[in-house]
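Inspection log for the structure reproduced underneath, given as C-alpha cells.
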2 protein chains.
Amino acid sequence: MTAEPGVTAPPRSKYLQIKDALLEAYIDGKPAGSALPPERVLAADFGVTRVTVRRAIDELESDGLVYRVQGGGTYSVGPSIAKSLRLTSFSEDVRARGRTPSSRLLEVAHGAAGDEVGRSLHLSPGDGVVTVRRLRMADGEPMCLEVCALAAATVPGLEDLDLTGSLYELLERHYGIAPTRAEQLIEATVLDEHDAAMLGVPPFSAALRATRTSYDSRGGPVEYAVTTYRADRYSLRFAVRRD
Amino acid sequence: MTAEPGVTAPPRSKYLQIKDALLEAYIDGKPAGSALPPERVLAADFGVTRVTVRRAIDELESDGLVYRVQGGGTYSVGPSIAKSLRLTSFSEDVRARGRTPSSRLLEVAHGAAGDEVGRSLHLSPGDGVVTVRRLRMADGEPMCLEVCALAAATVPGLEDLDLTGSLYELLERHYGIAPTRAEQLIEATVLDEHDAAMLGVPPFSAALRATRTSYDSRGGPVEYAVTTYRADRYSLRFAVRRD
DNA sequence: GAGTGGTCTAGACCACACT
DNA sequence: GTGTGGTCTAGACCACTCC
C-alpha cells in the first residue's frame with residue numbers, strides 16, 4: 001500500500017480533502033457570491049456520498065467562507081474575509097500571516113498558584129506554578145505581552161529550556177503535552193506606563209486582553225495565560241450565524 | 001391548521017430536541033468533567049440513529065459545552081462557562097442575561113453612504129443611507145453606543161418608526177428583512193470625552209469596538225453597524241479548538 | 001415541477017483508549 | 001479484547017426557491 005508519488009501527506013479524511021479542493025476551486029480567487037455546484041453534483045464528482053460533501057461544506061460554513069440558502073444553493077463569501085477561531089499559538093499565528101515570530105524572555109519564576117490561577121489549573125492555591133513572562137514580536141516589532149502559568153509538577157526543568165520559541169511546540173516535544181481546546185475571554189483595557197513602554201506605544205494606549213485556559217485531550221488544564229495585545233496591531237475577525 | 005394543545009412551538013428537528021435534552025440531563029447543574037453516556041446508548045434511548053445523536057453533540061461541542069476524547073468518551077465542560085458566538089441583537093443579548101434592554105435615540109440621519117459604508121453595503125458612495133445613532137442600556141444603565149447604517153431604499157419610512165426597541169425585530173416586522181449571518185471585527189479603543197460622558201465613565205476609559213456587517217438569507221448586505229461597549233461591562237467569552 | 005439544501009435511517013469499518 | 005468516538009456509504013423524504 002504505497003502512496004502516489006507526490007502524495008506525501010498522511011492519509012487525511014476525505015471530507016478534509018474535499019474541503020481543501022472546494023477552497024481552491026470555488027473560493028480562493030473567486031468573487032464573493034459565486035455559487036458552488038449542487039451538493040449532489042459535487043458528491044458524484046468526488047465519488048463520495050452527499051453526506052461527506054455536506055460535512056466538508058459544514059466546515060467551510062462554520063469558518064465563515066461560504067453560506068447556504070435552503071432551496072437556493074451554496075455561495076462563496078469571498079476570498080479575503082473571515083479567519084476562523086482556532087486554538088493557535090502566537091508563533092503559529094504570526095507565521096500564518098507570513099511574518100517571523102520571535103520572543104524576548106522577561107522572567108521565569110516559581111511560586112504559589114494563588115487563587116485565580118489555582119482555580120483555573122485545578123490546583124490548590126499553595127501548589128507550585130511556573131510563570132513565564134515574554135514579550136512577543138513579529139518581524140522584530142513588539143506585538144503583545146504574555147504571562148503564562150503552568151503547574152510546576154507537570155513541566156520539571158522548564159526554566160532550563162529555550163523559551164524564546166513556541167511554548168506549544170516545546171510542551172509537546174519535552175513533556176508530551178498538547179493543548180486541544182481552550183476557553184478564552186476577550187476584554188479591552190488601557191496600558192499602564194510600563195507595559196506601554198515594553199510594547200513601544202504611548203502610555204494609556206488601548207489594548208486587547210485575552211485570558212485563556214487551555215486543556216489537553218483528556219480534559220486536564222494545561223496552561224493559564226494572559227496576553228495583552230497592542231490594539232493597533234491586533235483585532236479579532238470572525239463570522240457569526242443566527243440560529 | 002392548529003397546533004396540538006401544549007405543543008405551541010413549531011416542530012423542531014430531532015437533533016435540536018436531543019441537544020436540549022442532553023443539556024438538561026447531563027450539562028446544566030452537572031459538575032465539569034461529568035461523562036455523557038456513549039453515543040450508541042443515547043441513540044437507543046432517543047430512538048434515533050447514532051448520526052442524529054452525533055449531530056446534537058456536534059452542536060454542544062461547537063458551543064464549547066462538551067468535549068470529546070476519541071476512544072474515551074464525551075464530557076461536560078461545566079454549567080457556567082462558554083457563551084457561543086451567535087448573531088444576536090443587543091436587545092436579545094441583554095434579555096438573555098436576565099436584564100431589561102432600553103435605548104435612547106440620539107439621531108436619525110439621511111445621507112450619502114460614503115466609501116467604507118458603501119463598500120460594506122454594496123452601494124455606490126453617493127447612494128442614500130439611513131444612519132441611526134443610539135445609546136443602549138441594560139436596566140437603565142448605559143452599556144454601549146451604536147451607530148447603524150442601512151440602505152435608504154430598503155427601509156423607507158424608518159425614521160417614523162419607534163427606534164427605541166430591537167432593530168432586528170423592527171426590520172423583520174416592517175420590511176421582511178431578517179439578518180442570518182454577519183462578519184464581525186473586534187478591536188480595543190479608548191473613549192473620547194464625548195463618548196465617555198454618554199456612557200457614564202471617565203474620559204479615556206477602555207472600550208471594545210465591534211464592527212459588523214449583517215447579511216440576509218439571500219446573501220445581500222442588510223446593516224453596517226459600529227458598536228462601542230464599555231470595557232467594564234462587556235467582554236467576549238468563547239471556546240476554541242485545535243484542528 | 002424541477003432543483004436545491006435540510007434532516008434522517010441502518011448499517012459498516014477504522015482509530016484510539018482502557019485494562 | 002472491548003468499548004469508545006471518527007468516518008463513510010446508499011439510500012430516503014421534507015422544506016424551500018425559482019421558473
Side-chain angles (χ1 to χ4, degrees), chain A residues 1 10-22 26 33-62 65-77 176 178 180-181 216-220 241-243, chain B residues 1 10-22 26 33-62 65-77 176 178 180-181 216-220 241-243:
Chain A
M1 191 74 76
R12 301 168 66 229
S13 50
K14 286 188 191 177
Y15 78 91
L16 286 177
Q17 295 176 42
I18 292 171
K19 179 184 176 187
D20 289 344
L22 294 175
Y26 302 108
S34 323
L36 272 65
E39 295 173 355
R40 289 163 178 85
V41 172
L42 291 171
D45 287 353
F46 287 109
V48 298
T49 58
R50 211 181 126 209
V51 177
T52 306
V53 166
R54 279 186 63 77
R55 181 121 184 230
I57 299 179
D58 284 345
E59 293 246 329
L60 293 173
E61 187 181 26
S62 76
L65 296 169
V66 304
Y67 63 94
R68 299 200 256 213
V69 182
Q70 179 169 160
T74 303
Y75 303 92
S76 161
V77 164
T180 59
R181 65 184 187 89
D216 64 21
S217 63
R218 287 183 306 283
R241 284 178 306 163
R242 204 164 171 81
D243 283 329
Chain B
M1 190 77 75
R12 301 170 64 232
S13 48
K14 285 188 191 176
Y15 79 92
L16 285 177
Q17 295 177 41
I18 292 172
K19 178 185 176 185
D20 289 343
L22 293 175
Y26 302 109
S34 324
L36 271 67
E39 294 173 356
R40 288 162 178 86
V41 172
L42 291 171
D45 288 352
F46 288 109
V48 298
T49 58
R50 211 181 128 210
V51 177
T52 305
V53 166
R54 280 185 64 77
R55 178 119 184 234
I57 300 179
D58 284 346
E59 293 245 330
L60 295 173
E61 187 182 25
S62 76
L65 295 169
V66 303
Y67 63 95
R68 300 200 256 213
V69 181
Q70 178 168 160
T74 303
Y75 303 92
S76 161
V77 164
T180 58
R181 66 184 187 89
D216 65 20
S217 64
R218 287 185 306 284
R241 284 180 305 163
R242 204 165 173 79
D243 284 326

What nucleotide among C:dG5, D:dG5, C:dC18 has an atom nearest to a side-chain atom of B:Glu39? D:dG5
Nearest-angstrom distance from the residue atom CD of B:Glu61 to P of D:dG5: 12 Å
Tell me: OH of B:Tyr67 to P of D:dG6, nearest whole Å? 13 Å
One would report the end-axis bend of the helix from C:dG1-D:dC18 to C:dC18-D:dG1, five pairs per end and rounded to 10 degrees, as 10°
CZ of B:Phe46 to NZ of B:Lys14, rounded to nearest 0.5 Å, is 12.0 Å
Which atoms form the tightest heavy-atom contact between B:Glu39 and B:Val53, and what is the distance? O-CG1, 4.1 Å
Could you list, one pair per line, each protein nitrogen or oxygen that sits under 3.5 Å from a nitrogen or oxygen of nucleotides 8-14 of chain D, together with the distance?
from: D:dC8; atom 1: OP1; to: A:Lys14; atom 2: N; distance (Å): 2.4
from: D:dC8; atom 1: OP2; to: A:Tyr15; atom 2: N; distance (Å): 3.4
from: D:dT9; atom 1: OP1; to: A:Lys14; atom 2: NZ; distance (Å): 3.1
from: D:dT9; atom 1: OP2; to: A:Thr49; atom 2: N; distance (Å): 3.1
from: D:dT9; atom 1: OP2; to: A:Thr49; atom 2: OG1; distance (Å): 3.1
from: D:dT9; atom 1: OP2; to: A:Thr52; atom 2: OG1; distance (Å): 2.6

Apply ring-ring contact (aromatic ring centres under 6.0 Å, His included) to B:Tyr26 and list each qualifying residue two or more places apart in sequence or on a separate chain. none
If you find the nucleotide of DNA chain D closest to B:Thr74 and the one closest to B:Ser217, which residue's nucleotide is nearer the 5' end? B:Thr74
In whole angstrom, give the distance that lies between atom CD1 of A:Ile57 and atom C1' of C:dG6. 12 Å
Correct closest heavy-atom pair for B:Leu22 and B:Ala56 would be CD1-CB, 4.4 Å
Euclidean distance, atom OH of residue A:Tyr75 to atom C1' of C:dG5 [Å, nearest integer]: 10 Å
Just wondering, do A:Glu59 and A:Leu16 contact through their side chains at under 4.5 Å, heavy atoms? yes
How far does CD1 of A:Ile57 sit from OG1 of A:Thr52, to the nearest 0.5 angstrom? 11.0 Å
Can you check whether A:Leu42 reaches A:Ile18 side chain to side chain, under 4.5 Å on heavy atoms? no
Indicate yes or no: at least one non-hydrogen side-chain atom of B:Arg68 is less than 4.5 angstrom from one of B:Arg54. yes
May I have the distance from A:Arg54 (atom CZ) to D:dT7 (atom P), rounded to whole angstrom? 17 Å
I need the CZ-C1' distance between B:Arg68 and D:dT7, as an integer number of Å. 12 Å
Using whole Å, report how far CG of B:Asp58 lies from P of C:dG6. 15 Å
Can you name the nearest heavy-atom pair linking B:Val69 to A:Arg218, along with the distance? CG2-CA, 4.4 Å
Nearest-Å distance for atom pair CZ/P, residues A:Phe46 and D:dT7: 18 Å
